[in-house]
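Quick caveat, the model's predicted, so the values are computed rather than measured.
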Amino acid sequence: MDQSAAVWLVLLAAVLAANLPYISKRILLVGPRRNPKPVAWRLLELVLMALLTLGLGFLLESRLGQRQPQGWEFYAAGFCLFVTLGFPGFVWCYLRRHRHES
């Protein structure tokens with residue numbers, strides 16, 4: 001896999017992972033169904049999905065070459081980007097549908 005394909009794969013995975021907590025009504029995507037799912041669970045799932053996406057990026061980077069060390073700024077900007085990518089799911093869950101349906 002070349003570098004361009006790896007970047008697109010990580011971006012696609014990030015978009016899907018950032019929206020999954022808002023679309024799924026199950027706890028941690030496989031647990032029991034909650035209607036409505038508490039916001040704390042959605043935030044926990046969002047953080048876990050961000051960590052999994054970061055892990056995928058690290059794995060692909062190490063397979064392509066040497067993994068570069070990053071400072072805290074990289075992680076802060078990456079998490080902000082991840083939250084921004086989850087905005088369509090947030091809109092669907094909290095703004096588009098009726099509150100009692102989410």
Side-chain angles (χ1 to χ4, degrees):
M1 175 181 297
D2 65 335
Q3 185 176 2
S4 178
V7 168
W8 283 108
L9 178 66
V10 171
L11 284 174
L12 180 64
V15 168
L16 291 174
N19 287 295
L20 276 177
Y22 300 111
I23 295 170
S24 173
K25 292 183 181 179
R26 295 186 177 273
I27 301 295
L28 295 176
L29 305 174
V30 294
R33 184 178 276 252
R34 301 283 183 183
N35 197 8
K37 184 163 53 169
V39 174
W41 277 110
R42 292 190 199 275
L43 290 175
L44 176 66
E45 289 175 353
L46 193 68
V47 169
L48 290 176
M49 289 293 180
L51 291 174
L52 287 174
T53 305
L54 183 69
L56 174 65
F58 283 165
L59 176 73
L60 291 175
E61 184 181 14
S62 66
R63 287 185 182 252
L64 290 173
Q66 184 177 358
R67 197 171 80 74
Q68 298 297 316
Q70 304 294 339
W72 68 268
E73 298 92 348
F74 171 80
Y75 299 106
F79 186 72
C80 290
L81 175 65
F82 192 81
V83 169
T84 302
L85 290 174
F87 185 69
F90 176 83
V91 168
W92 175 255
C93 181
Y94 289 109
L95 302 178
R96 175 91 167 107
R97 298 190 319 173
H98 298 290
R99 184 73 174 136
H100 65 277
E101 291 178 17
S102 62

**OP:** Tell me, please, which residues at least two apart from Leu64 pass side-chain contact (heavy atoms from CB on, under 4.5 Å).
**Re:** Gln3, Ala6
Original post:
In Å, rounded to the nearest 0.5 Å, how long is the span from CZ of Arg42 to CG of Leu20?
Top reply: 11.5 Å
Subject >> Set of residues satisfying side-chain contact (heavy atoms from CB on, under 4.5 Å) with respect to Leu43, sequence neighbours excluded >> reply: Val39
**OP:** List, by chain and then residue number, the residues other than Leu85 in its hydrophobic cluster (Ile/Leu/Val/Met/Phe/Trp/Tyr, side-chain heavy atoms under 4.5 Å); write none if there are no others.
**Re:** Val15, Leu81
**OP:** Mind checking the CZ-CG spacing from Phe79 to Leu51? Nearest 0.5 Å is all I need.
**Re:** 8.5 Å
Original post:
Who pairs with Leu46 by side-chain contact (heavy atoms from CB on, under 4.5 Å), at least two apart in sequence or on another chain?
Top reply: Pro21, Tyr22, Phe82, Val83
Original post:
Is Met49 reachable from Tyr94 through a run of hydrophobic residues whose side-chain heavy atoms are each under 4.5 Å from the next?
Top reply: yes
Original post:
In Å and rounded to the nearest 0.5 Å, what is the CD1 to CG distance from Ile23 to Leu16?
Top reply: 8.5 Å
Subject >> Residue pairs involving residues 45-66 (criterion side-chain hydrogen bond (donor to acceptor under 3.5 Å, both in side chains); sequence neighbours excluded) >> reply: Lys37-Glu45
Original post:
Can you list the residues that meet the side-chain contact (heavy atoms from CB on, under 4.5 Å) rule with Leu48, with sequence neighbours excluded?
Top reply: Leu28, Leu44
**OP:** If you link ILVMFWY side chains whenever their heavy atoms are less than 4.5 Å apart, which other residues fall into the same cluster as Trp8? By chain and number, please.
**Re:** Val7, Leu11
Subject >> Co-members of the apolar cluster containing Leu9 [side chain, <4.5 Å] >> reply: Met1, Val10, Leu56, Leu60
**OP:** To the nearest 0.5 angstrom, please state how far the CZ atom of Phe87 sits from the CG atom of Asn19.
**Re:** 11.0 Å
**OP:** Return the orientation label for the Phe74 and Phe58 ring planes: parallel under 30°, perpendicular over 60°, tilted otherwise.
**Re:** parallel
